[in-house]
Amino acid sequence: MYYPMFFYASPVSNQVGYAREQTPKTPFMDHLTTQIGNVIFVATPIGVIKGTLEAIFSDSILVKSNAAPYHIRLEQIIYFTY
């Protein structure tokens, strides 16, 4: 049986769930991690988004701007500043 990378079936309890992916360890991600909870500006091909960095995931970041959450894929980040 094939399961995508993030999906697993537990052989012990026969429960289905999602595996927690690790955030890649790079100097960029380390620096971004230090800004969690702070207001940042994230430049993307669409434009610049200003908001509070709420969380970092393995493939995206969560920026809350004017009470609207933005999930920004890491591949789409040109730069960020604070």
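In this chain, residues are counted from 1 in sequence order. For the numbers below, each heavy atom of this structure counts, side chains included, while hydrogens, waters and symmetry mates do not.
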Query - Value rounded to 0.5 Å, distance of CD1 in I78 from CD in Q76 - result: 8.0 Å
Report summary line: Heavy-atom nearest pair, V39 first then Y82, reads O-CB, 3.6 Å
Query - Pairwise side-chain contact, L74 with D59, heavy-atom cut-off 4.5 Å (strictly under) - result: no
Query - F41-V63 co-clustered via ILVMFWY side chain contacts under 4.5 Å - result: no
Query - Same apolar cluster (I L V M F W Y, side chains within < 4.5 Å links), V48/I61 - result: no
Query raised in the report: What closest approach, in Å, do S60 and H71 show between heavy atoms, and which atom pair accounts for it?
Result: OG-ND1, 4.3 Å
**Report entry** Listed partners of Y70 passing side chain to side chain contact (heavy atoms under 4.5 Å, CB included), at least two apart
**Finding:** I49, S65, A68, I72
**Report entry** Parallel, tilted or perpendicular, as decided by the 30° and 60° cut-offs, for the rings of F80 and F28
**Finding:** perpendicular
Query raised in the report: Which atom pair, heavy atoms only, marks the closest approach of I36 to E54?
Result: CG2-O, 3.8 Å
Query raised in the report: Does CD1 belonging to I46 count more than 12 external heavy atoms closer than 6.0 Å?
Result: no
Report task. Looking only at non-hydrogen atoms, find the nearest pair between L53 and L32 and report the distance. Result -> CD2-O, 3.4 Å
**Report entry** Between OG1 on residue T81 and CD1 on residue I40, distance to nearest 0.5 Å
**Finding:** 9.5 Å
